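A short write-up of the structure that comes next.
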There are 2 protein chains.
Amino acid sequence: MKYSRQRELIRQTVQQSEEHLTAEQVYERLKPENTTLSLGTVYRNLNLLAEQGSICRIPVPGGADRFDRNNDGHQHMICRCCGKVLDWRLPDMQELDRYLHQLTGFEVDRHDFFAWGTCKDCQTEI
Amino acid sequence: MKYSRQRELIRQTVQQSEEHLTAEQVYERLKPENTTLSLGTVYRNLNLLAEQGSICRIPVPGGADRFDRNNDGHQHMICRCCGKVLDWRLPDMQELDRYLHQLTGFEVDRHDFFAWGTCKDCQTEI
DNA sequence: TCCCAATCAGTAATAATTACTATTATGTTT
DNA sequence: AAACATAATAGTAATTATTACTGATTGGGA
């Protein structure tokens with residue numbers, strides 16, 4: 001893979017962010033300083049980086065995919081009300097994989113675990 | 001909620017299918033016998049039925065949502081190769097909810113747990 | 001039977017993402 | 001350092017999944 005300034009900027013943006021950014025958000029953050037940057041370039045590079053493993057895709061059902069600097073198998077909790085995404089960790093995923101393999105012959109290579117609900121802030125608002 | 005012939009047909013189609021159908025697939029199955037049926041009607045009713053709990057939405061990351069007759073909190077395994085969706089069951093989800101609530105205050109009302117990988121059939125093909 | 005809101009069909013619009021194409025940048029070879 | 005091959009880009013068009021809109025139809029109670 002050939003170096004590109006754009007890809008480098010996109011990787012840094014995701015890796016330096018505390019939030020889980022969408023492609024659009026990455027674009028918006030970089031566009032002011034990089035006027036010729038194209039949204040297509042952001043999408044293409046986020047896909048490349050996710051495939052290659054340097055960032056992690058969070059394929060949020062019913063919304064735009066988000067990207068996360070961490071790629072260490074943590075899970076996500078999504079608030080139906082405000083769309084916030086929280087991280088948490090579910091232990092013993094490997095054991096689950098072994099169990100599933102025994103049961104079905106399925107070779108699992110990744111998990112997307114979403115817990116849907118209402119976050120603390122939104123509960124008090126209602 | 002008022003009765004409608006279209007909604008009834010859509011519910012039956014999902015509930016009688018062994019597979020996990022997309023809105024498009026439900027439409028394709030019903031269209032030949034119901035020439036005036038509209039795709040919008042299929043989407044609207046699938047949403048209604050899912051909200052009301054008589055069918056279950058499977059929001060597949062990176063693809064069209066699928067609908068399942070079962071609504072009993074089972075999980076799904078998706079084959080990257082052929083797109084097949086398998087069912088399985090993860091025990092003790094309630095305990096997990098309690099744990100998450102204690103940890104974050106998040107009120108969890110549903111889980112989407114996807115295990116991604118390669119199914120038995122596709123493994124032998126490669 | 002009359003009425004009204006729920007539902008429909010058909011179409012247009014939207015949102016997220018990918019595909020296409022001509023141009024530019026990168027790394028390598030002379 | 002100039003020339004080359006090709007990966008990557010910008011900008012735009014296209015695609016996919018889904019929702020919104022509108023005027024006609026239908027279900028079910030008064």
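Protein chains get the first letters and strands the later ones, always in sequence-line order, with residue 1 at the start of each. As the structure is a computational prediction, the values presented were derived from the model and not from experiment.
Taking every side-chain heavy atom of B:Ala64 into account, D:dT18 is the closest of C:dG10, C:dT18, D:dT18. In this structure, of C:dT17, D:dG11, D:dT9, it is D:dT9 that holds the atom nearest to the side chain of A:Thr41.
Two residues are said to be in side-chain contact when any heavy atoms from C-beta on lie closer than 4.5 Å; B:Gln6 and B:Asn34 fail this criterion. The shortest distance between side-chain heavy atoms of A:Phe106 and A:His101 does not fall below 4.5 Å.
Across residues 7-27 of chain B, B:Arg7 each have a non-hydrogen atom less than 4.0 Å from an atom of DNA chain C (numbered order).
Residues in residues 3-22 of chain B take part in these ring pair (Phe, Tyr, Trp, His ring centres under 6.0 Å) pairs, two or more places apart or across chains: B:His20-B:His76.
Applying the 6.0 Å contact sphere to CD of A:Gln52 captures more than 12 heavy atoms from other residues, nucleotides or ligands.
Summarising the geometry, atom CG belonging to B:Leu39 is positioned 9.5 Å from atom CD belonging to B:Glu28; distances are rounded to the nearest 0.5 Å.
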Starting at the 5' end of nucleotides 19-30 of chain C, put B wherever the base has a protein heavy atom under 4.0 Å, S where only the sugar-phosphate does, and a dash everywhere else.
-> -------BS---
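Distance B:Arg57 CZ to D:dT19 C1': 12 Å, rounded to the nearest Å. In this structure, CD of A:Gln52 is placed 11 Å from P of D:dA8, rounded to the nearest angstrom. For B:Asn34 and D:dT26, the CG to P distance is 14 Å, given to the nearest whole Å. When rounded to the nearest whole Å, the span between CG of A:Asn45 and C1' of C:dT17 equals 15 Å. Rounding to whole angstrom units, CD of residue A:Glu51 and C1' of C:dT17 are separated by 15 Å. Rounded to an integer number of Å, the gap from OH of B:Tyr43 to P of D:dC21 is 18 Å. Spacing between atom CG of B:Leu39 and atom C1' of D:dT18 amounts to 9 Å, rounded to whole angstrom units.
Nearest-nucleotide positions on DNA chain D place A:Leu48 closer to the 5' end than the other of A:Lys31 and A:Leu48.
Looking at B:Leu46, B:Leu48, B:Leu21, B:Ile55 one by one, the single match for side chain to side chain contact (heavy atoms under 4.5 Å, CB included) with B:Ile10 turns out to be B:Leu46.
A:Arg11 and A:Asn45 share no side-chain donor-acceptor pair at under 3.5 Å.
Salt bridge annotation for A:Arg5-A:Glu8: absent, with no cationic side-chain nitrogen under 4.0 angstrom from a carboxylate oxygen. The existence of a salt bridge linking A:Glu24 and A:Arg66 is excluded, since no basic side-chain nitrogen approaches an acidic carboxylate oxygen closer than 4.0 Å.
Contact annotation: B:Gln6 side-chain N/O to C:dA9 OP1/OP2 distance is under 4.0 Å. Applying the 4.0 Å criterion to OP1 and OP2 of D:dT19, one finds that B:Asn47 has a side-chain N or O inside that range.
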